[in-house]
Amino acid sequence: MKAVELEKTYNPAAFEDRIYKQWVEDGNFRPADGNGTPFTVVMPPPNVTGILHMGHALNNSLQDIIVRYQRMTGRPTLWVPGTDHAGIATQNVVERQLAREGLRRQDLGREKFLERTWQVKEHHHSIITEQLRKIGASCDWEHERFTLDEGLSKAVREVFVTLYERGLVYRGMYLVNYCPHCGTALADDEVEHQEDAGHLWEVNYPFADGSGNITVATTRPETMFGDVAVAVNPDDERYKAIVGKMVKLPLTDREIPIIADSFVGIEFGTGMVKITPAHDPNDWECGKRHNLTPINILNPDGTLNDVCPQQFRGLPAEEARFKVADELKAQGYLKGVKDYNHEVGHCYRCHTTVEPYMSEQWFVKMKPLAEKALKAWRDGEIRFYPRRWENTYSSWLENIRDWCISRQLWWGHRIPVWYCGDCGEMIVSRTDVTVCPKCGKSHLHQDPDVLDTWFSSWLWPFSTLGWPQQTADLERFFPTSTLVTGYDIIFFWVSRMIMAALEFTGKVPFHDIYITGLVRDKLGRKMSKSLGNGIDPLTVVENYGADAMKFTLCYLAAQGQDVLIDMDSFKMGSRFANKIWNATRFILMNLEGRNLVEVKPENMTDMDKWIFHSMNECARKVSTSLESYRFNDGAQAVYDFFWNDFCDWYVEAAKVSLYSDDDAEKDRIVSLLLQLLETSMRIMHPFLSFLTEEIYSRLPNTEGKVICAKFPGYREDLVFTEQAALVGTMQEIVRGVRNAKVQLGIDAARKLRITVRPESEQLKSFLEDHSKLLSTFLNAESLIIDATASSDVTSAFPVAGQGYESFVFVRDAIDVDKEIKRLEDELVKTRALLAGSEKKLSNPQFMEHAKPEAIEKEQSKKAEFEEKIQKAMSHIETLKSF
RNA sequence: GGCCGUGUAGCUCAGUGGGAGAGCCCCAGUCUUACACACUGGUUGUCGUAGGUUCAAAUCCUACCGCGGUCACCA
C-alpha cells in the first residue's frame with residue numbers, strides 16, 4: 001500500500017475553509033431523502049445588530065454537535081439558519097450612526113431611513129453568516145430565513161389579523177413602559193428593574209380651606225403636576241377624618257381630593273400617597289378604581305409638557321425633579337428630604353430610565369394562549385433540559401400579563417391596520433388596503449407603528465418552514481425536535497413560540513428544550529463590551545481552529561452550568577486535536593509496503609479485543625450523552641478513549657508489532673489500526689468535524705465523507721468484558737512497576753529483571769501471550785512469568801495487586817532507608833483502613849442491613865488490607881536484610 | 001421579600017447512597033524514530049457550616065452562611 005503522509009504539524013487553517021466549502025457544494029447539510037424520522041432544529045436567529053459573540057459560538061456549537069450526530073444516525077436532518085431584524089436594537093444602531101453625522105431619523109424620512117437600515121442589516125448579516133461558516137455550523141443555507149423577509153412578513157400579518165379576529169389582539173389607551181430614548185413603548189418583560197439611588201421628598205399639600213396641611217412622600221416630585229388625588233389607607237385611624245377634603249396642589253391653582261384606597265401602606269412614609277395615574281402603574285390602577293381622569297405631564301421625549309408651569313416645560317423629568325423640589329422648598333412646601341434607594345425600570349436595550357406613559361397601544365390577550373402552553377407542558381409534550389427551567393416557564397405563564405406589541409419605531413413589521421381619514425373606520429387586513437370598505441373613499445393611512453420583534457420571532461419554528469402555507473417542509477419537519485437556547489430568553493421567546501405554535505398549528509413547536517449556560521470569563525463575569533472581557537470566536541478559530549473551539553466548549557458545557565473560559569481554555573481542545581492528528585500521522589507513516597487484510601475475531605489478541613470493547617463503549621457513551629444533552633460527558637468519553645486507551649496503550653502496544661520483522665503481523669496490526677481510526681473518526685465527527693473529515697479523506701480504508709457516514713451503533717459482538725479486565729490488570733502491573741522505580745529513585749531508562757506471579761490461570765496465559773508487550777511496557781531487562789514465584793526472593797522488590805504480584809530486582813539501585821520509611825508510612829495508612837473495615841464488619845447493624853454485595857466487598861477489602869500489611873511488613877524485613 | 005441554582009484539589013469543573021475524580025497549575029524525570037500541543041511518575045481535599053435520616057452520606061432531609069440568577073407595584 002502506498003504511504004499517505006500527513007503534514008508534520010496540525011494546522012486547521014490549512015483545511016477548514018476548504019472542507020466547509022466542499023460540504024456546502026456537495027449538499028451535505030441538506031436533509032437526506034428517505035423516510036426515517038426527521039430531526040429538525042431551528043437556529044435561534046442572531047440579531048443583525050452586530051456580530052456573533054462567544055454565547056452564539058457555544059449555542060451553535062452544541063446545535064452543530066447534535067445535528068451532526070443525528071444526521072449520522074441516518075435521520076433526515078434539517079438545521080434552519082437565519083437572522084432576526086431586532087427592531088429597537090437595529091434602529092438604535094442606525095440612529096447612532098446618523099447622530100455621528102449630526103442627523104436624526106426624521107431628517108431622512110421613513111423611507112430613506114429604512115433603506116439605510118437594510119444596508120446595516122446586509123452588512124451584519126454577511127458577517128454573521130461568514131462567522132457561522134467559520135465555526136463549522138452544518139446548517140442548511142438553502143433554508144435560511146430572515147424575520148423581515150417576505151414569507152415571514154406574511155406569517156406575521158396572518159397571525160396579527162387572525163388574533164384580532166379571535167378577539168386576542170386589541171388596541172387601547174393604557175399606561176405602558178415607555179423609553180424616552182428609543183421613543184417607543186416596551187413590553188413589561190423588556191423593562192429591567194435595578195436599584196437606583198434616589199431621594200424621598202416630603203411635601204406639604206395645604207388644605208383648600210386653609211386649615212393646615214398634609215404631608216405626602218414621593219420619589220418623583222416633578223410628577224405632582226399630574227396629581228389628581230391624595231390617597232390614604234381607609235383603615236388608617238390618623239386620616240379617617242380628612243378623607244373627602246380637598247387639598248391645594250402647590251405651585252398650581254388646582255385642588256384635588258383626599259381619597260381612601262387600601263393599596264396605600266400605613267407604615268410607609270407618611271401614609272399618604274399622591275396619585276398620579278398617568279405616570280405610575282399603581283396610581284393608574286387606583287385612578288381607575290376611583291374614576292379619576294389621568295393628567296399626562298410628559299412629552300414623548302420625556303420632557304415636561306404644557307400642563308406644567310411655564311418654568312419647568314421642556315425640562316427632562318430627572319432635571320425637573322430637582323427644580324421642582326427647589327421651588328417647593330423656596331415656597332415653603334418642602335418638609336424634608338431623605339436619601340432613598342429604590343427599584344427603577346430601565347430599557348433593556350439602551351438602559352435609559354423607563355417612564356410609565358399613557359398612550360394608545362396594541363396588545364395581545366395572553367391568558368388563553370398561556371393556558372394552552374401550560375397544558376402542553378403538563379401533558380409532557382415539551383421537556384426542558386435541565387428540568388428546573390420548567391418552574392420558570394410555568395410560573396411565568398401562570399402570572400402572565402397582556403403583551404404590548406406596538407412599537408413607535410420604523411424598522412419592523414408595520415402594523416396591518418388602516419384608518420379612514422373620512423369616516424374614521426379602522427381596517428385590520430391581511431393585504432394592503434387602498435379604499436375604505438365603509439365609505440369607499442381612499443383617504444387611508446396605515447398605522448405608523450411597527451410590531452415588537454418577538455411578534456415575528458415567536459413564529460420562527462413554523463414560519464421558517466413556509467407557514468401559513470401548508471408546504472412540504474412544514475409537513476415533514478414540523479414540529480421540530482430540539483431547541484437550544486439561553487435562559488435569558490425563555491420568556492421573550494421560548495414560551496411565546498410554544499404559545500404561537502399551539503394557537504396556529506395545534507402542535508408544540510419542539511419537544512426538547514436545551515437551555516445552555518451563559519459564557520462568562522474566568523472571574524464569572526458576563527462577557528460584555530463595556531468590561532472588555534469578551535472573546536471573539538473568530539480569534540479563537542484563528543488561534544486554535546474551529547474544532548478546538550467546539551470541542552472545548554462542549555467539554556465544558558455541563559448541563560445547567562455556566563461556561564467560564566478565557567482564551568487559554570481552548571488549548572485543551574487544541575491539544576486534543578493535535579493528538580489525533582499526530583496519532584493518525586503515525587499510523588499513516590507505517591503503511592508503506594503493507595497490505596490491508598480482514599482481521600476476524602479469532603485472529604485478534606486479547607489486547608485487540610480490549611480496544612474494540614473500549615471503542616464500542618465509547619460510541620455508546622457518546623450516543624446516550626448526546627441523546628440526553630449531556631454534552632460534556634460525550635466530549636469526555638471520546639477524549640478518554642482516544643487519548644488514554646487508544647494512543648497511550650493500544651498504539652504503544654502496536655509498536656511491538658510494527659517494529660518486528662513479521663510482515664503478516666505488521667499487515668494485521670496496520671489493518672486493525674486503520675479500522676480503529678476509521679471508526680474513531682465517525683465517533684468523533686460531531687465534536688471535531690473538520691479534523692475528522694480531513695483525516696477521513698486521507699485514510700485508505702474509507703469511502704465518501706465522514707459527515708455522511710454512519711455513526712457506530714453499539715455492537716454486542718464487540719463486548720469483551722474479560723479481555724478488558726485482563727488488560728486492566730496488565731496496566732496495573734505496568735503502573736505498579738513504573739511507580740516503584742520512581743519511588744525508589746531508579747532512572748526510568750534503567751532496565752531491570754522482573755518476575756510476575758499471576759494468581760489465576762487466565763491471567764497467566766494472558767501475560768504469556770503478551771509477554772513481549774509487557775516486557776516493553778515495563779522496560780524490563782528480562783521478564784519471567786511464574787505462578788510459583790515466591791515473595792522471599794532475596795533482593796527483589798515486591799509490588800502486589802489484585803490477582804498478581806510483581807518482583808522487581810532492584811538491589812543495585814535503591815536507597816534502602818528511604819524505602820523502609822515509605823513502607824512504614826504505608827503500613828500506618830493501611831492499618832487505619834483495616835481498622836475501619838473491621839469496625840464495619842463487627843457492627844451487627846451493618847451485617848444485618850447491608851446488601852450482601854456490600855458485605856462481600858467489605859470482607860474482600862479487609863482480606864486485601866491484611867495481605868497488604870503482611871507484605872509491607874515482610875518487605876521491610878527484606879529491605880532491612882539488604 | 002418569593003422562587004431557583006450553586007458552594008468538591010491552587011484554578012475551572014465532573015461525580016449524586018457503599019473504598020474522593022478529570023483538565024490546567026505545581027514538583028521530579030524523559031527530546032524513547034506520531035506528538036515537548038508529548039511521555040512517565042508524583043503532591044494537593046474538615047467534598048460551605050451545623051444538625052438529622054441510614055448499618056453506611058460529598059451524595060437524601062432540615063436549618064444556617066457565602067456566591068449567583070430570576071421574579072415582585074410599595075409612593
Side-chain angles (χ1 to χ4, degrees), chain A residues 6 8-10 189 193 200-201 216-220 223 231 263-265 267-276 280-286 340 342-343 345 356 386 388-389 391-392 395-396 399 487-488 490-491 518 520 522 524 544 548 552 555-556 558 560-566 568-569 571-590 630 632-633 636 639-640 644 647-648 651-652 655 659 734-735 738-743 745 747-749 776 779 833 836-837 840-841 843-851 853-855 857-858 861 864-865:
Chain A
L6 233 47
K8 189 156 171 50
T9 49
Y10 164 62
D189 310 293
H193 292 270
L200 193 61
W201 281 274
V216 298
T218 179
T219 54
R220 303 193 57 189
T223 63
F263 97 93
V264 180
E267 308 295 328
F268 189 90
T270 59
M272 292 187 142
V273 192
K274 60 197 263 316
I275 299 299
T276 323
D280 183 277
N282 277 318
D283 297 2
W284 170 263
E285 293 300 323
C286 177
Y340 183 67
H342 60 140
E343 291 280 321
R388 64 184 146 91
W389 292 110
N391 295 332
T392 308
S395 64
W396 186 74
N399 300 300
Y487 53 75
D488 46 340
I490 290 178
F491 303 142
L518 248 45
R520 298 170 179 278
K522 282 262 166 132
Y544 300 108
T552 304
Y555 193 94
L556 297 174
Q561 288 302 114
D562 286 344
V563 175
L564 275 65
I565 48 162
D566 59 19
D568 280 350
S569 303
K571 282 184 181 166
M572 201 241 153
S574 175
R575 284 171 58 248
F576 185 45
N578 184 62
K579 187 74 184 176
I580 297 168
W581 180 267
N582 279 295
T584 305
R585 197 167 91 87
F586 173 70
I587 292 165
L588 293 183
M589 276 170 66
N590 283 284
R630 308 200 58 104
N632 57 324
D633 288 349
Q636 204 178 335
Y639 186 95
D640 289 347
N644 299 337
C647 291
D648 287 352
V651 173
E652 287 307 313
K655 285 178 180 173
Y659 299 156
V734 172
R735 287 198 193 98
R738 283 174 180 167
N739 170 333
K741 283 173 77 173
V742 169
Q743 277 184 341
D747 195 331
T776 308
N779 193 26
L833 287 170
S837 203
K840 247 188 192 176
L841 288 168
N843 179 351
Q845 304 280 25
F846 175 76
M847 299 306 285
E848 196 176 323
H849 295 282
K851 281 182 280 187
E853 305 95 84
I855 297 176
K857 202 171 166 190
E858 202 54 48
K861 257 160 61 181
E864 202 183 308
F865 295 144

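Residue numbers begin at 1 in each chain, while the letters A, B, ... track the order of the sequences.
Among the heavy atoms of the strands lying under 4.0 Å from A:Thr218 are primed sugar atoms or P, OP1, OP2 only; no base atom is included. As judged by a 4.0 angstrom heavy-atom cut-off over every strand, A:Tyr555 is placed among residues touching the sugar-phosphate backbone only. Counting non-hydrogen atoms under 4.0 angstrom, A:Glu285 reaches nothing in the nucleic acid. Across all strands, A:Asp648 comes closer than 4.0 Å only to sugar-phosphate atoms, never to a base (heavy-atom distances). Residue-level contact check: A:Lys274 touches neither bases nor backbone, having no heavy atom under 4.0 Å from any strand. Looking at heavy-atom distances under 4.0 Å, A:Tyr544 makes no contact with the nucleic acid at all. Across all strands shown, A:Val216 has no heavy atoms under 4.0 Å from either base or sugar-phosphate atoms. Note on A:Arg735: only backbone sugar-phosphate atoms sit closer than 4.0 angstrom, heavy atoms only; bases stay farther off. Backbone-only contact: A:Asn843 has heavy atoms under 4.0 Å from sugar-phosphate atoms and none from a base.
Closest contact between the side chain of A:Asn282 and the listed nucleotides B:rC37, B:rC74, B:rA14 involves B:rC74. In the set B:rG69, B:rA75, B:rG18, B:rG18 carries the atom at the smallest distance from any side-chain atom of A:Ala850. Closest to the A:Thr219 side chain, of the nucleotides B:rG41, B:rA75, B:rC35, is B:rA75. Of all nucleotides listed (B:rU40, B:rC37, B:rA34), B:rU40 comes nearest to the side chain of A:Arg738. Among B:rC37, B:rA14, B:rC4, the nucleotide with an atom closest to any side-chain atom of A:Asn391 is B:rC4.
Straight-line distance from the CZ atom of A:Arg520 to the P atom of B:rU6: 14 Å, rounded to whole Å. Distance A:Asn582 CG to B:rC35 P: 6 Å, rounded to the nearest Å. Separating the CG atom of A:Leu564 from the P atom of B:rU6 is a distance of 15 Å, rounded to the nearest angstrom. For the pair A:Phe846 CZ and B:rG17 P, the interatomic distance rounds to 18 Å; values are reported in whole Å. Following rounding to the nearest Å, A:Asp568 (CG) and B:rC11 (P) show an atom-to-atom distance of 17 Å. Look at NZ on A:Lys655: it is 9 Å from C1' on B:rU33, rounded to the nearest Å. Here the P atom of nucleotide B:rG23 and the CG atom of A:Asn632 are 15 Å apart, to the nearest Å. One atom, CG of A:Asp562, and another, P of B:rU12, lie 13 Å apart when rounded to the nearest Å.
At least one side-chain nitrogen or oxygen of A:Lys8 sits closer than 4.0 Å to the OP1 or OP2 atom of B:rC35. Contact annotation: A:Gln845 does not reach the phosphate of B:rA56 (side-chain N/O to OP1 or OP2, under 4.0 Å). OP1 or OP2 of B:rC39 lies within a sub-4.0 Å distance of a side-chain N or O belonging to A:Lys579. Close to B:rG15, at under 4.0 Å from its OP1 or OP2, lies a side-chain N or O of A:Arg630. The side chain of A:Arg388 places no N or O atom within less than 4.0 Å of a non-bridging phosphate oxygen (OP1 or OP2) of B:rC4. For A:Arg575 and B:rC35, the shortest distance from a side-chain N or O to OP1 or OP2 is not below 4.0 Å. Listed pair A:Tyr659 / B:rA34 meets the phosphate criterion, a side-chain N or O lying under 4.0 Å from OP1 or OP2. Within the structure, a side-chain polar atom (N or O) of A:Asn739 is placed less than 4.0 Å from OP1 or OP2 of B:rG42.
When both pairing distances are held under 3.5 Å, B:rU6 makes a Watson-Crick or G-U pair with B:rG66. Across all strands shown, B:rU46 remains unpaired; no Watson-Crick or G-U wobble contact has both distances below 3.5 Å.
To the nearest 0.5 Å, atoms OH (A:Tyr555) and OG (A:Ser569) are separated by 12.5 Å.
When the P atom is compared between B:rG15 and B:rA72, the two are found 32 Å apart, to the nearest whole Å. Spacing between B:rC47 and B:rA28 at atom P, rounded to whole Å, works out to 30 Å.
Not one N or O on the side chain of A:Ser574 forms a donor-acceptor pair closer than 3.5 Å with the backbone of A:Ala548.
Each of A:Thr584 and A:Val563 was matched to the nucleotide of RNA chain B holding its nearest heavy atom; the match closer to the 5' end belongs to A:Val563.
Geometrically, A:Lys579 does not engage A:Tyr639 in a cation-pi contact defined by less than 6.0 Å to the ring centre and at most 45° from the axis.
Ring geometry, A:Tyr487 versus A:Trp389: the interplanar angle falls under 30°, so the pair is classed parallel (tilted spans 30 to 60°).
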